[in-house]
Structure formats: structure tokens, C-alpha cells
Amino acid sequence: QLQLVESGGGSVQPGESLRLSCTASGVTLENYAIGWFRQAAGQEREGVACIRRSSTDMTSYVDSVKGRFTISRDNAKNTVYLQMNSLKPEDTGVYYCVAADGRNWCSGVDYWGKGILVTVSS
């Protein structure tokens, strides 16, 4: 089974940046839509960003992060990244790497990482 392992989370001040990474094992990500969801305490998970299957430049973002977050993939490293700039307190939450098999976009998600905490405060 595909495994997704996130890294790069942490605690930062508003306006600062973080770069999340997610590395897959067990299968290549080339033909998977891959992306990131997040969940604040007591809230439903929401899709944050997605990069289309077999694409390096077709991306989608939730409105609240447009212009601040950038998703990218490196197929050679079997890794997806989320560059998060100008972070706000409302970005705080657990971020999950996701992969969707047989989907152009991040719907019908089949695989989830364990999640990594991002805290933006002060």
C-alpha cells in the first residue's frame, strides 16, 4: 500500500514561512493527484491545495491560501511540497498529505499521511 510521510511542520510567527514535504513509498506519484488537506481542532478537514495527475503546473487552491501557498511535485524524489508563505494564525492546524488514485484532482482521496502540525501564533 502507498505510504505518505510528511515533514517540515513546526511553530512560527505570523508572516513567516514553512515548507512541508511529503514523500511517498510503495508507488510512484506520477499518476496520482496529490495534495494537502488541513484540519483545525474540532473542525472538518478541508482541501488546501492539489496538483493534477501527471502535471507539474496544473494546481488548485482553497481561496484562503491563494497567493500565499504553492504546491509542487518532484517526481524524481517521489515527493510533493507545500510552500507556505505569509502564514496567518488561521492557518494553524494539522496538515495531511493526500493522494488520489485514478483521479485528475484530489477527490475520492485514497491515501492519507499521518498528519503534521503547523502552528502560527503571536
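As the structure is a prediction and not an experimental result, all values here were calculated from the model.
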Looking at every non-hydrogen atom in both residues, tell me the closest pair between [X] and [Y] and how far apart they are.
X      : Y      : result
Ala24  : Leu2   : CB-CD1, 3.7 Å
Cys106 : Ala100 : CA-CB, 4.3 Å
Leu87  : Leu18  : CD1-N, 3.8 Å

Distance (rounded to the nearest 0.5 Å) between [X] [atom1] and [Y] [atom2]:
X      : Y     : atom1 : atom2 : value
Lys77  : Ser21 : NZ    : OG    : 8.5 Å
Asp101 : Asn31 : CG    : CG    : 9.0 Å
Arg73  : Asn78 : CZ    : CG    : 9.0 Å

Listed partners of Val5 passing side chain to side chain contact (heavy atoms under 4.5 Å, CB included), at least two apart: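 For Val5, no residue satisfies side chain to side chain contact (heavy atoms under 4.5 Å, CB included) once neighbours in sequence are set aside.
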Lys/Arg N to Asp/Glu carboxylate O, Asp63 vs Lys66, below 4.0 Å: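 Yes, charged N to carboxylate O under 4.0 Å.
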salt_bridge(Arg38, Asp91) N-O dist < 4.0 Å: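 Looking at Arg38 and Asp91, the cut-off is met.
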Is any side-chain heavy atom of [X] less than 4.5 Å from a side-chain heavy atom of [Y]?
X     : Y      : result
Ser17 : Met84  : no
Arg45 : Val109 : no
Glu6  : Tyr95  : no
Phe69 : Trp36  : no
Val80 : Ile71  : yes
Arg52 : Trp105 : yes

Stepwise side chain to side chain donor-acceptor pair (under 3.5 Å) check, Arg53 with Asn104: CA-CA 5 Å; Arg53 175 182 62 84; Asn104 286 336; 2.7 Å; yes
[X]-[Y] co-clustered via ILVMFWY side chain contacts under 4.5 Å:
X      : Y     : value
Val48  : Leu20 : yes
Tyr32  : Tyr81 : no
Tyr111 : Ile51 : yes
Leu4   : Tyr96 : no

Over 12 foreign heavy atoms within 6.0 Å of CD, Gln3: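 Result for CD/Gln3: open.
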For residues 112-122, please give each side-chain donor-acceptor pair under 3.5 Å, one per line with the distance, not counting sequence neighbours.
{"unit_1": "Ser122", "atom_1": "OG", "unit_2": "Gln13", "atom_2": "OE1", "d": "2.8"}

For Ser25, all residues meeting side-chain hydrogen bond (donor to acceptor under 3.5 Å, both in side chains), sequence neighbours excluded: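 Scan of Ser25 (side-chain hydrogen bond (donor to acceptor under 3.5 Å, both in side chains), adjacent residues dropped) gives none.
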